[in-house]
Amino acid sequence: MIYTVKLRVNGREHVVDVQPHWSLAYVLRDKLGLTGTKIGCAAGTCGTCTVILDGLAIFSCLKLAVDAQGHDITTIEGVAEGDRLHPIQASFIENHGMQCGFCTPGMIMASKALLDRNHEPTEPEVRQAIAGHLCRCGTYPRIVKSVLKATKTMREG
Amino acid sequence: MVAKYSSVGKSLPAVDSVLKVTGRLKFAGDIVVPGMLSAKILRSPYAHARILRIDTTGAEALPGVYAVITHKNIPTPKETWSCLAFSRTGPVLSETVRFNGDEVAAVAAVDEETALKAIGLIEVDYQQLPAVFDIEEAIKPDAPKVRPDGNVRPPTVFEWGDVEKGFAEADFIIENKTTMSNQQHAPLDRNACIASWTGDQVTVWTSTQTMFSLRKAIANYLDMPLHKVRVMCPPTGGSFGFWWSNNFHFIAVLLAKRAERPVRLELTREEVTATVKRREIPRTYVKLGVKNDGQIVAASYRHLFDNGAYGNKPDPFQTVVDLYPIPNVRFETVGISTNRVTAGCMRGVGDVTLGYGIEQAVDLASEKLGMDPIELRRKNHFRVGDVLHTSQEMMFARMLFPDIHTEPTQLTSSGLEECLDKGAQAIDWKQKWRGWGKPVAVKGTKRRGIGMAISTHISGVAHLGSNGAIVRVNPDGTAHLITGVGRMGQGGDTIQAQVVAEVLGIPLQDVNVIDGDTDVCPETMGTVGSVTAHMVSPTTKVAAEDAKRQILEVASAELGVTASELDIKDRRVFVKDKPEKGIGLKQLLTTDLYQTLAPPTIVGKGAEGFPFRQGGKMTMAHFVEVEVDTETGIVKVLKYVACHDSGVLLNPAFCENQSHGGVFMGCGLALTENLVFDDETGAILNPNFMDYKILSALDMPDPETIFVEVVDPAGAYGAKGIGEGTTCCVAAAIVSAVHNAIGVRIDPPITPARVLQVLGQKGNENVY
């Protein structure tokens, strides 16, 4: 059974044929070529598939593509404006908030979702926002630092 | 170290950091090769069995299936293939399966769903065979045979002095046995491999730390020349010893050959956890002979460890036996096969497992003497010049060149003393140490304790392979570094670029790193064992200096001075004694030479291994304060201080990140991570992130890392390694701290259930 769905991703409409059991993560990666969203576990336990849907960070591996129709979806590819990095991205670079880079898109999406609605998060709030995001390289201290520093930049800018 | 250099020693961002934050960095799982099929593997449900019958006709007939392979139809020019450092030796597919999850057959089809359906149509009749799971059972002569050549690798034995005499002369003896939880690498990324044949050439896309080793393994197995095997290597999502040559690579290669189309194989999370590799389970017996003044005069170490089904290591790989120079020692270590998934190298290797056993025994000796654990270590730990009797380099030299007499190597640099001083100060050791088994503080059911441990680790070993680097300088003065360094998050490629930038006098952003292609990159040592900063950088430096020399030769003609009078800084060649006289790099390199009527060609080359006798060792001292709740059994880390001597740091922020990673991984080993095996079937019951618990951002406070920058004589700019060493003594420090909090030593995993169990057994003895 094939369904034709319209997905609004990073401000652009995509028309794509999907099977009902396909996750949004799978469709983003394999059908739309947006491989910045990763699938670390396909079970909602690692956070690497995080996208922002209607302003909320969600695990796209737990969202069916057919259910994502009619929503605003932002992936990591939609965070920068052309060549201009988002302050969060710039902060991750400056503050070494990554090592292998695999968890980075998910961490940035979760952080962006937080900062978009909470302009002055405390450190515990930042940690809570990435609580479901695993980083085996152990970059948590500098990820938290990157987000807090970005907050400062965004407030001042 | 900062002001001395322009690039080296600075916490510059990684060269691929923009790619990482924009999601544009592609890992193997992100790569698309046009026309690629999807593969799935049929796996054994039994820990040990013989395949009596296998019928793939149903699978092959399914529309959309292009190839099915079993042990019956794959080419076997060799019986087995071997991985780097004895990590795995075994067949690709055979009629015997040796662990629950072992590969039985594989299918390539138009998509994953069709491949899965086809897997379900393969009929197999198994004859179950007796299986053995525990190493001390598997070592017995009548144990079920995991491999045709037996379960027990030839023991590795070192002996010097007279151990029995030493024990006789000691004032007291400590005897202890330890084991540890079964840790798994648990990277966030998942293994993926695409294989594609063009005539007699095969190209493989896979994330690996050891692309040249993989190329060699494939070429060897299929009797192919090296230049017909190409490994394209994207970065790995996590590392830790996991991404070497694995059996699934061969399955993809053989499927692609049979299907005559590119084939992509990606492992699920469950397969990543349960079918590739894990850390070895150790059983360590330590006997120490100690004098009343604290001098350790004799030691006997017997370290048994798990190879799993296909691991082949005769030695866990360690340096810790030489951490305490003792005049009379016997060290015996044995690798043992079991019917569980292959066990092999994981971050820290024997310095974690054997090191843990040694540190516990040293603690027991300190306790017996009523001595502060730091003091006993100060009395006994190695110093520069001390002989490393069991060094891996010496072992390999003797193995490869038995006719040459090889003396053991020596410790060439150490900051261990300063690590002890600074770490103790940072955690307030003097104020907090109350004596053995005595908590720092008690508040209701919560007891705080402090502990510490030391360790050491290689900074690579010279026999990790050949080492080459090429530095090409473009006419505009920008440069390409072509290197085979694996990219795994530790910044190995960036620090090489920093070295190039430093030597050439250009900013880091002018250097482009080209890596990840065995057809393009010179053969470089496999990125394992913390080799890159210490052993790869010198060769990169040679290549950059070669390029610089060529530039200065051109400049000397242009400026009318000898090359030795010149230097390069900020993209400009200048006369050292008269800096205002000079020429911009771009102007110099775009000027045509009369001889050739063309601009100069600048290609620098480095092609030299590392002299093994100069291999430096990193040292570290860790300190931790924990709080144990005797009501819930929960152990909380309150403060962690990691002190590291990794020589001069080429990029301090990278090293700090590595330190954090090692601490979290070590705390996971100590407290929360354990692969649970079913006793009957040998299956791993928790092959996922839900039930195999790695630390999250909420689980412990940020560790404090202190670096002691001792200049190593052989490392480029004095650098040593760091990556692996950050895990080595974490578990030992935690176990020690827990002991001091509640009066019992608990081997990892120190789960709440285990704490309560042990406290219950104690029956309220002297601690309360």
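Note on naming: letters A, B, ... go to the chains in the order of the sequence lines (proteins, then strands), and numbering restarts at 1 for each one.
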For this session: Quick one: pull up NZ in A:Lys38 and CG in B:Asp30 and give me the separation to the nearest 0.5 Å.
Result: 3.5 Å
For this session: Go through B:Pro13, B:Gly237, B:Gly489 and name the one with the most non-hydrogen pairs under 4.5 angstrom from chain A.
Result: B:Gly489
Seminar exercise, completed: If one checks every heavy atom of B:Asp111 against chain A at 4.5 Å, the contacting part turns out to be neither
Exercise. In terms of heavy-atom proximity below 4.5 Å to chain B, should A:Leu134 be classed as side chain, backbone, both, or neither?
Worked result: both
Seminar exercise, completed: Okay, B:Pro235 and chain A: the region with an atom under 4.5 Å from a heavy atom over there is neither
Problem set entry | A:Thr104 versus B:Lys20, closest heavy-atom pair with distance | CG2-O, 3.9 Å
For this session: Among the options B:Ser696, B:Ala186, B:Ser11, pick out the one with the most heavy-atom pairs lying under 4.5 Å from chain A.
Result: B:Ser696
Exercise. Who wins among A:His96, A:Arg29, A:Gln128 for the most heavy-atom pairs under 4.5 Å with chain B?
Worked result: A:His96
Problem set entry | Donor-acceptor pair, side chain of A:Tyr140 and main chain of B:Met700, under 3.5 angstrom | no
Problem set entry | Salt-bridge present (B:Asp699, A:Arg127; N to O < 4.0 Å) | no
Seminar exercise, completed: OG of B:Ser239 to CD of A:Gln99, rounded to nearest 0.5 Å, is 10.5 Å
For this session: Starting at CD1 of A:Ile76, measure out to CG of B:Leu25 and round the result to the nearest 0.5 Å.
Result: 12.0 Å
Exercise. Of the backbone (N, CA, C, O) and the side chain (C-beta and beyond), which part of B:Glu270 lies under 4.5 Å from a heavy atom of chain A, both, or neither?
Worked result: neither
Exercise. Taking atom NZ of B:Lys636 as the centre, does the number of heavy atoms from other residues, nucleotides or ligands within less than 6.0 Å exceed 12?
Worked result: no
Seminar exercise, completed: Of A:Val126, A:Asp30, A:Ile39, the largest count of non-hydrogen pairs under 4.5 angstrom with chain B goes to A:Ile39
Exercise. Given A:Arg136 and B:Met665, is the side-chain contact (heavy atoms from CB on, under 4.5 Å) satisfied, shown in steps?
Worked result: CA-CA 8 Å; A:Arg136 189 51 156 166; B:Met665 193 172 278; 3.7 Å; yes
Exercise. Of all heavy-atom pairs between A:Ile130 and B:Ala697, which one has the smallest distance, and what is that distance?
Worked result: CD1-CB, 3.8 Å
Exercise. Can you say whether B:Leu19 sits under 4.5 Å from chain A via the side chain, the backbone, both, or neither, judging by heavy atoms?
Worked result: neither
Exercise. Which distance, rounded to the nearest 0.5 Å, do you find between the OG1 of A:Thr45 and the OH of B:Tyr692?
Worked result: 14.0 Å
Problem set entry | Those residues that, when tested against B:Arg347, pass salt bridge (charged side-chain N to carboxylate O under 4.0 Å, His left out) (two or more places apart) | none
Exercise. Given a strict heavy-atom distance threshold of 4.5 Å, which part of B:Val272 is in contact with chain A: side chain, backbone, both, or neither?
Worked result: neither
Exercise. Can you tell which of B:Gln658, B:Glu113, B:Lys26 has the highest number of heavy-atom pairs within less than 4.5 Å of chain A?
Worked result: B:Glu113
Seminar exercise, completed: Nearest heavy-atom approach of B:Leu188 to A:Phe102 is O-CE2, 3.3 Å
Exercise. Is atom NZ of A:Lys63 surrounded by more than 12 heavy atoms (other residues, nucleotides or ligands) closer than 6.0 Å?
Worked result: yes
Exercise. Is there a donor-acceptor contact under 3.5 Å from the side chain of B:Arg269 to the main chain of A:Gly40?
Worked result: yes
For this session: Go through the steps to decide whether A:Cys137 and B:Phe240 satisfy the test side-chain contact (heavy atoms from CB on, under 4.5 Å), and finish with yes or no.
Result: CA-CA 9 Å; A:Cys137 297; B:Phe240 330 121; 4.3 Å; yes
Exercise. For A:Gln19, is it the side chain, the backbone, both or neither that has a heavy atom under 4.5 Å from a heavy atom of chain B?
Worked result: side chain
Exercise. At what distance, to the nearest 0.5 angstrom, does CG of B:Asn688 lie from SG of A:Cys41?
Worked result: 8.5 Å
Exercise. Judged by atom type as modelled, is there a donor-acceptor pair below 3.5 Å linking the side chain of B:His660 to the main-chain atoms of A:Pro141?
Worked result: no
Exercise. Counting only heavy atoms not in A:Asp54, do more than 12 fall under 6.0 Å of its CG?
Worked result: yes
For this session: Calculate, to the nearest 0.5 Å, the distance between atoms SG and CZ belonging to A:Cys100 and B:Arg487 respectively.
Result: 11.5 Å
For this session: Applying side-chain contact (heavy atoms from CB on, under 4.5 Å), run through B:Asp702 and A:Arg142 and close with a yes or a no.
Result: CA-CA 9 Å; B:Asp702 295 349; A:Arg142 280 185 172 270; over 6 Å; no
Problem set entry | Trace of the side-chain contact (heavy atoms from CB on, under 4.5 Å) decision for A:Val79 with B:Thr22 | CA-CA 7 Å; A:Val79 173; B:Thr22 54; over 6 Å; no
Exercise. Under a 4.5 Å heavy-atom cut-off, does chain B meet the side chain of A:Ala131, its backbone, both or neither?
Worked result: both
Seminar exercise, completed: Whatever's closer than 4.5 Å to a heavy atom in chain B on A:Leu34 counts as neither
Exercise. Salt bridge or not for B:Arg24 and A:Glu77, using N-O below 4.0 Å?
Worked result: no
For this session: Pick one of side chain, backbone, both or neither for A:Leu85, based on which atoms fall under 4.5 Å of a heavy atom in chain B.
Result: side chain
